[in-house]
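To keep things clear, I will list the structure first and then write my remarks on it.
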There are 2 protein chains.
Amino acid sequence: MTTDIHELSRSEMEVLKVLWRHGRLSAREVHGHVEPRRGWALSTTRTLLERMVRKGAVVREPFHGVNLYAAAVSRPVGLAALVRDFAERILEIDAAAVVPLLSRDADLSDEELAELERLLAAGDGEAPRD
Amino acid sequence: MTTDIHELSRSEMEVLKVLWRHGRLSAREVHGHVEPRRGWALSTTRTLLERMVRKGAVVREPFHGVNLYAAAVSRPVGLAALVRDFAERILEIDAAAVVPLLSRDADLSDEELAELERLLAAGDGEAPRD
DNA sequence: AAATCTATACTACACTTGTAGCGTAATGAC
DNA sequence: GTCATTACGCTACAAGTGTAGTATAGATTT
């Protein structure tokens with residue numbers, strides 16, 4: 001159960017991307033990264049984080065009196081699920097076809113890319129929509 | 001205003017794809033195509049169509065006492081907007097990079113493909129998010 | 001220690017989405 | 001002409017989303 005990442009709302013995706021970029025952060029830190037482009041109140045960022053925890057997309061870990069949040073799935077795994085969903089549901093093409101594209105342009109490390117490629121090629125990641 | 005197609009919900013996208021495939025249809029006809037895989041009641045299909053009309057994603061036209069519905073944007077234009085949104089918002093890559101991919105795998109006619117390519121290359125279609 | 005800041009957990013509230021049912025008028029079958 | 005179908009325009013209602021505010025308790029500053 002890869003946490004059904006494509007069920008996240010736009011706002012939630014924004015938060016997830018911050019966690020992918022910066023790893024484990026406090027709510028306030030997440031807010032610091034997200035606020036400039038969204039203009040949310042801090043409490044909004046908190047609410048989103050909590051909802052994402054409930055959804056299983058984010059893990060929370062108490063750390064010396066502060067909650068730290070981190071993405072529940074790595075970026076490659078998450079992107080694999082998202083690409084698969086988009087390719088199959090919207091474009092109606094084979095998800096694996098997207099890989100070469102990513103290898104050229106996405107800012108993925110070599111390891112990330114390798115993993116993503118493996119995930120998509122293997123038909124792993126998410127069950128096809130139907 | 002290309003109707004902000006990426007604001008459509010999953011269910012609405014399903015309906016839109018039917019209209020892209022079959023052109024102008026009555027609510028009942030749309031339902032016929034969509035019901036097998038979604039199991040909606042007819043009234044559900046109707047509601048979705050009406051909501052999409054309100055959103056500007058679908059146009060309604062009365063025809064001899066029956067409303068006919070059609071996609072407000074062509075498939076290439078719609079896909080261009082969707083690809084652009086996905087590429088920029090999720091993958092954070094240049095949308096034009098997706099074109100070669102589509103030319104190989106998507107079931108677009110030559111004219112559709114040409115139009116899509118033009119749209120993405122030109123930076124047309126949708127204004128970039130933020 | 002008092003005042004302030006910050007964190008967490010609740011609560012709130014309007015709008016959207018999923019998913020339909022109902023009432024009424026027009027259409028077609030008998 | 002009456003009955004069954006169908007279409008259409010409302011209404012409905014729970015769950016999800018966008019977007020916060022508040023109450024309460026611990027930490028920091030002066």
- Message: On DNA chain C, compare the nucleotides closest to A/Arg51 and A/Gly65; which residue's is nearer the 5' end?
- Response: A/Gly65
- Message: Can you tell whether the side chains of B/Glu35 and B/Arg28 come within less than 4.0 Å, N to carboxylate O?
- Response: no
- Would a hydrophobic clustering, with Ile, Leu, Val, Met, Phe, Trp and Tyr connected at side-chain separations under 4.5 Å, put A/Val30 with A/Val59? no
- Message: For residues A/Val15 and A/Leu42: do they belong to one hydrophobic cluster (side chain heavy atoms under 4.5 Å, members Ile, Leu, Val, Met, Phe, Trp, Tyr)?
- Response: no
- Looking only at heavy atoms, which two atoms of A/Val66 and A/Ser26 are closest? And how far apart? CG1-CB, 4.0 Å
- Item | Residue mapping more 5' on DNA chain D - nearest nucleotide basis, B/Leu42 or A/Arg38 | B/Leu42
Spacing of [X] atom [atom1] relative to [N] atom [atom2], expressed in whole Å:
| X | N | atom1 | atom2 | result |
| --- | --- | --- | --- | --- |
| B/Leu8 | C/dT16 | CG | P | 14 Å |
| B/Leu49 | C/dA20 | CG | P | 15 Å |
| B/Trp40 | C/dT17 | CH2 | C1' | 11 Å |
| A/Glu50 | C/dT11 | CD | P | 14 Å |
| B/Arg10 | C/dG18 | CZ | C1' | 13 Å |
| A/Arg60 | C/dT8 | CZ | P | 9 Å |

- Query: Does a side-chain N or O from B/Ser9 land closer than 4.0 Å to OP1 or OP2 of C/dG18, or not?
  - Reply: yes
- Message: Strictly below 4.0 Å: does B/Lys55 bring a side-chain N or O up to OP1 or OP2 of C/dT17?
- Response: yes
- Message: Ignoring hydrogens and geometry beyond distance, is the side chain of B/Arg54 in donor-acceptor contact with the base of C/dT17 at under 3.5 Å?
- Response: no
- Nearest to the side chain of A/Asn67, which nucleotide is it out of C/dA20, C/dT8, C/dT17? C/dT8
- Message: Categorize B/Ser11 for me: base, sugar-phosphate, or nothing, with a 4.0 angstrom heavy-atom threshold over every strand shown.
- Response: sugar-phosphate
- Message: Testing the 3.5 Å rule here: is there a donor-acceptor pair between the side chains of A/Glu50 and A/Thr47?
- Response: no
- Under 3.5 Å side-chain donor-acceptor pair for B/Glu14 and B/Ser11: no
- So which of residues 13-35 of chain A are in contact with DNA chain C, with a heavy-atom cut-off of under 4.0 Å? A/Arg28
- Note on the structure: In this structure, NE2 of B/His6 is separated from CZ of B/Arg84 (nearest 0.5 Å) by 11.0 Å
- Going from OG1 on B/Thr45 to CZ on B/Arg38, what distance comes out if it is rounded to the nearest 0.5 angstrom? 10.0 Å
- Query: What is the 5' to 3' range of DNA chain D, first to last nucleotide, that sits under 4.0 Å from any heavy atom of chain A?
  - Reply: D/dT17 to D/dG21
- Item | Qualifying ring pair (Phe, Tyr, Trp, His ring centres under 6.0 Å) pairs, either residue in residues 57-86 of chain B, two or more places apart | A/Phe86-B/Phe86
